[in-house]
Number of protein chains: 2
Amino acid sequence: MSQNGVGVDLETSLGYLLKEASSALRVAMEEVLRPLGMSVTHYSCLELLAQRPGLSNSELARGAFVTRQSMNVLLQALERDGYVTRPAEAPVGKVLPARLTSRGRRSLEKATVAVRSVEVRMLAGMTEAEQSDAFRILQSMIHSLRDGDDGA
Amino acid sequence: MSQNGVGVDLETSLGYLLKEASSALRVAMEEVLRPLGMSVTHYSCLELLAQRPGLSNSELARGAFVTRQSMNVLLQALERDGYVTRPAEAPVGKVLPARLTSRGRRSLEKATVAVRSVEVRMLAGMTEAEQSDAFRILQSMIHSLRDGDDGA
DNA sequence: CAATGTATGTCAGAATTCTGACATGAGTCA
DNA sequence: TGACTCATGTCAGAATTCTGACATACATTG
């Protein structure tokens, strides 16, 4: 069989390369977060709450790209361990706004530094222009992928 | 708190955008593969075997970005269902080269077409130049991330 | 107002993936 | 040859994430 007939061709597929890059990023993040006793999802949740206090469980799930059920499991653990608080009753509707405790904020500080270093390493060797190219291109991909979900 | 102090800033983070794009791709792939009764990992394994017949379990795992234990679970299922064959004894060492059966090849055909359409959709609106930019940039990210794993 | 649609939080169980561990085979090197 | 290192296949159990389901609350619409 030749190199490629109708197939996707892993060597030249941007989709495969995207997955590869994402996997490398995840591995690198896990590596620096492990010494802090924190998983990537764990970190994502805390970082989201730091930047957008009061996010609900469902909103956190969307932000971390997991289901709201998975995020709920995580949130309950974080709440139990005192990193996050949620009011006992919803101020409006059923939505429970979550917030970091001071302990949660403290725990996040080191993680943020660690993850930031990974991102810096990832961008090493890229020019400013390449970085803005990457930004624009990735956004284009996301937009195109989500376009055809139901509309067309 | 202001928009950003020492944090990563989700709105402008290339790392976050990378994860977002990868997630969108995965969702889109799941969407077109579900009607075929196939998961993304399932498809990845078959596609890898189609393009590189004789890959071992460990090699497949690396190619699909999962552990060799996870791939082994999948491979055993694929073998049981007749999509893949492995010799009972290793021709050399412990490595068992896996190959698609004709059933596996048939099953993969439709999936490849479906996944190809997703990739085409993802690249819609991007020029040739942007696609080669994306290729080069993603490879740079992967290289930079893997560099610092142990060496430096 | 009533009905419908959409979104949320949460429980339960299944499926997937992972970490840890072990034995085996190949390659390296003294 | 023998000791050592490394990679592989695989088993077992834990952790994570998912799918399905339900009740509830808000928004829209007739």
Side-chain angles (χ1 to χ4, degrees), chain A residues 19 22-23 26-27 29-31 33-35 37-46 48-49 52 54-81 84-99 149-150, chain B residues 19 22-23 26-27 29-31 33-35 37-46 48-49 52 54-81 84-99 149-150:
Chain A
K19 182 169 182 179
S22 179
S23 169
R26 167 166 281 263
V27 167
M29 285 178 66
E30 282 169 349
E31 201 166 305
L33 288 174
R34 190 173 310 120
M38 204 179 289
S39 75
V40 173
T41 315
H42 187 135
Y43 160 76
S44 302
C45 178
L46 264 44
L48 281 162
L49 280 178
R52 309 220 239 288
L55 282 191
S56 71
N57 175 52
S58 289
E59 291 168 324
L60 287 168
R62 281 191 291 269
F65 310 107
V66 296
T67 63
R68 66 185 195 275
Q69 292 90 333
S70 298
M71 182 55 73
N72 197 30
V73 171
L74 175 60
L75 258 189
Q76 286 177 352
L78 291 177
E79 211 172 356
R80 165 174 53 76
D81 297 341
V84 167
T85 49
R86 281 191 291 181
E89 295 223 348
V92 55
K94 297 187 67 177
V95 179
L96 292 173
R99 294 182 176 278
D149 269 10
D150 44 47
Chain B
K19 183 169 181 180
S22 179
S23 169
R26 166 166 281 265
V27 166
M29 285 177 66
E30 281 169 349
E31 202 166 307
L33 288 175
R34 190 173 311 121
M38 205 179 289
S39 74
V40 173
T41 314
H42 188 134
Y43 160 76
S44 301
C45 179
L46 263 44
L48 281 162
L49 280 178
R52 309 221 239 286
L55 282 191
S56 71
N57 174 53
S58 289
E59 291 167 325
L60 287 168
R62 281 192 291 271
F65 311 106
V66 297
T67 63
R68 67 184 194 276
Q69 292 90 334
S70 298
M71 182 54 73
N72 196 30
V73 172
L74 175 61
L75 257 190
Q76 286 177 353
L78 291 178
E79 212 173 354
R80 166 175 51 78
D81 297 342
V84 168
T85 48
R86 283 191 290 180
E89 295 222 349
V92 55
K94 297 186 67 176
V95 180
L96 292 173
R99 293 183 177 278
D149 269 7
D150 45 45

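By convention in this document, chain letters (A, B, ...) are assigned in the order of the sequence lines, proteins followed by strands, and residues within each chain are numbered from 1.
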Any base atoms under 4.0 Å from [X], or only sugar-phosphate, or nothing? Heavy atoms, all strands.
X     : result
B/L74 : nothing
B/S58 : sugar-phosphate
A/S56 : sugar-phosphate
B/R34 : nothing

Side chains of [X] and [Y]: closer than 4.5 Å at any heavy-atom pair?
X     : Y     : result
B/E79 : B/L75 : no
B/K19 : A/R26 : yes
A/V73 : A/Q69 : no

For [N], does either OP1 or OP2 sit under 4.0 Å from a side-chain N or O belonging to [X]?
X     : N      : value
B/R26 : D/dT17 : no
A/N72 : C/dT10 : yes
B/T41 : C/dT17 : yes

Minimum heavy-atom distance between [X] and [Y], given as atom pair plus value:
X     : Y     : answer
A/N57 : A/R86 : CB-NH1, 4.0 Å
B/S56 : B/V95 : CB-CG1, 3.3 Å
B/R52 : B/L55 : O-CG, 3.2 Å
B/S39 : B/L33 : O-CD1, 3.9 Å

Separation of [N] [atom2] from [X] [atom1] (nearest whole Å):
X     : N      : atom1 : atom2 : value
A/R86 : C/dG9  : CZ    : P     : 7 Å
B/E30 : C/dA15 : CD    : P     : 16 Å
A/L78 : D/dT16 : CG    : P     : 11 Å
B/L60 : D/dA7  : CG    : C1'   : 15 Å
B/Q76 : C/dT16 : CD    : P     : 14 Å
A/K94 : C/dT8  : NZ    : P     : 11 Å
A/L33 : D/dT16 : CG    : C1'   : 16 Å
B/H42 : D/dC18 : NE2   : P     : 20 Å

Subject >> First of A/M71 and B/E59 reached from the 5' end of DNA chain D, by closest nucleotide >> reply: B/E59
Subject >> Residue-level proximity of residues 62-69 of chain B to DNA chain D when a heavy atom falls under 4.0 Å >> reply: B/R62, B/R68, B/Q69
